[in-house]
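Here the structure is a predicted model, which is why all the values come from computation and not from measurement. Side chains included, hydrogens not; waters and symmetry mates left out as well; all remaining heavy atoms used. FYI, the numbering just counts along the sequence from 1.
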Amino acid sequence: MGFRLLGKGQNSLVFKCRINNNYYACKVRRFDSPRPNLLNEGYYLRLANSVGVGPRLFGYTDNVLVIELINGIPIQKYITTAGPAEIRAILTDLLWQCRRLDSIGLAHNELSRPQDHIIISSNKAFIIDFESASLNSRVSNVAQLLNALIMGKGFIQHHVKLAIGTSINLEELRNTIKRYKSTRNDTDFMQILRILNLLNNHK
């Protein structure tokens, strides 16, 4: 219809919009969406914002979310062009964001596909699109992210492993992730960072 989109999904369209001379990302529910409204997504994004995760939510109604406009690139493109130190810093940032989401029981539920849900802007990671999020889920954000970026096989995982080093004990990491999924405690999370040689990256 002559409008350029920032994004298009099964349930919504995302436009760059201007409100009082400021620019935002406006997520608009599609009329053919199976979801009755965007209220749950707005609520979950506001919860994520409360622990410093996600683009800032400015307001929402049944059919529209007004969100901070993030000018960045998908994580898979970033990982293939960034240096090892930059990748380690982004991975550390993301793990801490996932840890904060786990601490309030908010599961994003789509971090198994980080290429569609993580944008990098000015060397900072933004987890976006909370439309499939849920509370009190058995899904761990930390575990889902690690399974997607490190434990799996593919060009993204290859670049991440090169950045953090080849001396990682994957069996120990796998067991610690499994234990963390059960305990959700700081001790097991810090052990994950230690195995990945990322303890000194956090500020």
Side-chain angles (χ1 to χ4, degrees), residues 5-17 19 22-79 90-150 152 156 177 180-181 184 189:
L5 300 176
L6 296 178
K8 178 182 179 182
Q10 180 181 358
N11 298 296
S12 58
L13 305 172
V14 182
F15 299 89
K16 180 179 179 180
C17 57
I19 303 172
N22 293 313
Y23 287 96
Y24 303 89
C26 289
K27 190 168 189 177
V28 181
R29 187 177 72 89
R30 290 173 51 156
F31 291 118
D32 59 350
S33 169
R35 295 182 186 271
N37 56 60
L38 299 179
L39 295 178
N40 277 346
E41 182 175 358
Y43 173 70
Y44 292 138
L45 179 53
R46 180 156 285 169
L47 272 181
N49 283 179
S50 74
V51 290
V53 178
R56 183 180 173 189
L57 176 67
F58 290 94
Y60 63 100
T61 66
D62 284 16
N63 295 310
V64 180
L65 305 179
V66 180
I67 308 169
E68 176 186 5
L69 179 63
I70 305 297
N71 292 308
I73 61 174
I75 189 170
Q76 78 273 24
K77 183 175 181 180
Y78 180 85
I79 283 175
I90 284 295
L91 180 60
T92 306
D93 179 26
L94 276 170
L95 284 170
W96 276 101
Q97 289 188 47
C98 287
R99 171 61 186 149
R100 294 196 296 272
L101 291 178
D102 282 347
S103 72
I104 60 172
L106 177 59
H108 183 280
N109 290 320
E110 295 285 351
L111 294 179
S112 59
R113 295 185 294 118
Q115 66 274 14
D116 296 327
H117 298 92
I118 298 174
I119 294 175
I120 311 301
S121 177
S122 300
N123 293 318
K124 177 173 173 53
F126 290 87
I127 298 173
I128 63 170
D129 193 0
F130 281 78
E131 71 176 33
S132 298
S134 62
L135 286 171
N136 302 316
S137 169
R138 298 179 69 178
V139 173
S140 159
N141 298 286
V142 168
Q144 199 169 70
L145 183 78
L146 288 171
N147 284 331
L149 292 184
I150 294 177
I156 293 179
I177 292 171
Y180 171 81
K181 287 173 66 176
R184 305 286 177 96
F189 177 71

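- Here Q76 contributes atom CD and I156 contributes atom CD1; the two are 5.0 Å apart, rounded to the nearest 0.5 Å.
- Residue E110 comes nearest to S132 through the heavy atom pair OE2-OG, 3.3 Å, listed as atom of the first residue, atom of the second, then distance.
- Across all non-hydrogen atoms, the minimal contact from H117 to R113 is ND1-O, 3.1 Å.
- Atoms CG and CG, on L45 and D129 in that order, are 10.0 Å from each other to the nearest 0.5 Å.
- In this structure, the side chains of I118 and Y78 stay at 4.5 Å or more apart for every pair of heavy atoms.
- Considering CG of L39 and CG of L65, their distance stands at 9.0 Å, rounded to 0.5 Å.
- In this structure, CZ on F130 lies 14.5 Å from CG on L38, to the nearest 0.5 angstrom.
- Crowding of K124 atom NZ: a count of heavy atoms from other residues, nucleotides or ligands under 6.0 Å exceeding 12.
- Once rounded to the nearest 0.5 Å, the distance linking OH of Y44 with CG of N109 reads 9.5 Å.
- The minimum heavy-atom distance linking Q10 with P34 is given by the pair NE2-CG, 4.1 Å.
- Summarising the geometry of P114 relative to A148, their closest heavy-atom pair is CD-CB, 3.7 Å, with the distance given to 0.1 Å.
- The backbone N or O of L111 lies less than 3.5 Å from a partner atom in the side chain of Q144, making a donor-acceptor pair.
- Nearest heavy atoms, I70 versus P55: CG1-CB, 3.9 Å.
- Looking at V53, L101, L94 one by one, the single match for side chain to side chain contact (heavy atoms under 4.5 Å, CB included) with N141 turns out to be L101.
- Of the possible polar contacts, one joining the H108 side chain to the I128 backbone as a donor-acceptor pair under 3.5 Å is found.
- Counting heavy atoms from C-beta on, the side chains of L95 and V142 come closer than 4.5 Å.
- Looking at F15 and V28, their side chains come closer than 4.5 Å, going by heavy atoms from C-beta outward.
- A 4.5 Å side-chain heavy-atom check between C98 and I127 finds at least one atom pair inside the cut-off.
- We find that R29 and D62 are not joined by a salt bridge, their nearest charged nitrogen and carboxylate oxygen being 4.0 Å or further apart.
- Ion pairing of E41 with R35 is absent here, as no side-chain N (NZ or NE/NH1/NH2) approaches a carboxylate O to less than 4.0 Å.
- Under the 3.5 Å distance criterion, with hydrogens and angles disregarded, a donor-acceptor pair is assigned to the side chains of D102 and S140.
- No donor-acceptor pair under 3.5 Å is formed between the side chain of N63 and the backbone N or O of N37.
- Within the 4.5 Å cutoff, no side-chain heavy atoms of V14 are placed close to those of I67.
- How far OH of Y43 is from CG of L106: 9.0 Å, rounded to the nearest 0.5 Å.
- Pairing each heavy atom of P74 with each of Q115, the nearest pair is CB-O, 3.9 Å.
- Using a distance-only test at 3.5 Å, with no hydrogens or angles considered, a donor-acceptor pair links the side chain of R99 to the main chain of R184.
- Not a single donor-acceptor pair under 3.5 Å links the side chain of N11 to the backbone N or O of E131.
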